[in-house]
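Atoms within a ligand are numbered from 1 in the order they appear, just like the ligands themselves. Note that the structure is a prediction, hence the values are computed from the model and not measured. One-based numbering along the sequence shown.
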Amino acid sequence: MSSAAAPSRAAPRKLTGKKEEIDAFIDRFDTFLFDCDGVLWQGNHLLPKVVETLEMLRSKGKKLIFVTNNSTKSRAAYSSKFTTFGIPVSVDEIFGSAYSTAVCLARVLKIPKDKRVFVIGEAGIEEELSAEGIQHFGGTQPLWFPEDEVAEHAGPDPSVSAVVVGLDRHISYAKLALAFGYLQDPAVHFFATNVDSTFPTHGKLLPGAGSCSAPLTYMLGGRAPTAFGKPSPAMMESIERRYTLDKSCACMVGDRLNTDIKFGIDGGLAGTLAVLTGVSTEKEILKAGEAGEGPDVYLDCLGDMLG
Ligand SMILES: O=C(O)[C@H](O)[C@H](O)COP(=O)(O)O
Ligand SMILES: [Mg+2]
């Protein structure tokens, strides 16, 4: 009986406490793509030794790019968040899913600018769409009618070209009803900044962006959104173009197997490093490794890169 095909990738190696091996791993790369939630922080709680680790990598001349699926903040807002932690990061070093989505809509898909985009999501999406000159409504805007008048306002609207859904911590029945009304016209695009099922914050898992768009997929009989965040190839292509990324010496650092690590592997990056301070567990990482879908190496936390 033929054995299952051996994965082409080696099993994930845990490097916590192995300074020489960590240093040798770091030396293989000149660029590190960093996920944020669950790697650098959980909500507003910075994880251990993150400042020192990023400083160490910069002192080695490494290029850092921060690639987050969290669309609640724009690149500028993330730059400010980094500053509050004492970490200087320019807007140009940040590539979030809200930005990736806005750029794709404006410059790749060239959606019509005389029409509107309905947003289920937060300020990050609104600010990045505005920066690309795309008209939008919904989002953080207060409802413009009483909750009991949803039926009168729900339904197709020829001025709407697309619905964009990201993490929306103020999601509501009315928002879903309006989005459903617009999307019943198959010509209206259904986009998601990302479809992460859960959101790691303050040591817990909360509903993620994907859980905000999934009800619409259910209502629409299975129609899924086009997602622009990790692990989508569109995001990797955008990053490659923007940073003239040499993938042969780039490493993805993340906490989630089905977004960050998949993004790195499928995107052809030379290395992937997982940390255990976010979503994926050590057991899940080792199991994924059996199928060749695990990271090259993993650590208990990012600060362990200091050895
Ligand atoms: O639900 C979400 O949007 C995600 O869980 C979250 O924001 C992921 O952010 P990342 O780990 O990519 O920084
Ligand atoms: Mg993460």
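Taking all heavy atoms of D260, N194, N70 into account, the minimum distance to atom 3 (O) of ligand 1 is reached by N194.
With ligand atoms numbered from 1 in the order given, ligand 1 contributes 5 (O) to contacts under 4.0 Å with heavy atoms of P200. Atoms of ligand 1 found under 4.0 Å from any heavy atom of C36, numbered from 1 in the order shown, are 13 (O). Proximity to F199 (heavy-atom distance under 4.0 Å) selects the following atoms of ligand 1: 1 (O), 5 (O), 6 (C), 7 (O). Residue G208 approaches ligand 1 through these ligand atoms, each under 4.0 Å from one of its heavy atoms: 1 (O).
Ranking the protein heavy atoms by distance from atom 1 (O) of ligand 1 puts A209 N, 2.8 Å first. Remark: minimum distance from atom 9 (O) of ligand 1 to any protein heavy atom is reached at D37 OD2, 3.1 Å. Nearest protein heavy-atom contact of atom 13 (O) of ligand 1 is T68 OG1, 2.6 Å. Here the heavy atom of the protein found nearest to atom 11 (O) of ligand 1 is D35 OD1, 2.7 Å. The protein atom (non-hydrogen) at minimum distance from atom 5 (O) of ligand 1 is T198 O, 2.7 Å.
More than 12 heavy atoms of other residues, nucleotides or ligands lie within 6.0 Å of NE2 in H202, so this atom counts as buried by the packing criterion.
Side-chain atoms of N70 and T68 form no donor-acceptor pair, as typed in the model, at a separation below 3.5 Å.
Remark: ligand 1 and R256 share no N or O pair separated by less than 3.5 Å (distance only, no angle test). Here's the thing with N69: one of its N/O atoms is less than 3.5 angstrom from an N/O atom of ligand 1.
Residues V165 and Y182 share a hydrophobic cluster, clusters being chains of Ile/Leu/Val/Met/Phe/Trp/Tyr side chains in contact below 4.5 Å.
Backbone or side-chain N, O or S atoms of D255 reach the Mg ion (ligand 2) at under 2.8 Å. In summary, no N, O or S atom of D260 is located under 2.8 Å from the Mg ion (ligand 2).
Ion pairing between E93 and R58 holds under the 4.0 Å rule for side-chain N and carboxylate O. Classification of D266 and K262 as a salt-bridged pair holds, one side-chain N sitting under 4.0 Å from a carboxylate O.
The main-chain N or O of T140 is found under 3.5 Å from a side-chain atom of E126 such that the two form a donor-acceptor pair.
Angle O (D37) to the Mg ion (ligand 2) to OD2 (D35): 90°, rounded to 10°.
When heavy-atom distances to ligand 1 are checked against a 4.0 Å cut-off, T72 has no atom that comes that close, whether in backbone or side chain.
Annotation for V39 and V50: closest pair O-CG2, 4.1 Å, computed over non-hydrogen atoms. Taking each heavy atom of L167 and C212 in turn, the nearest pair found is CA-SG, 4.3 Å.
Between F32 and F29, the angle of the ring planes goes over 60°, which puts this pair in the perpendicular group of the 30/60° scheme.
Residues F137 and F118 place their aromatic rings such that the two centres sit under 6.0 Å apart.
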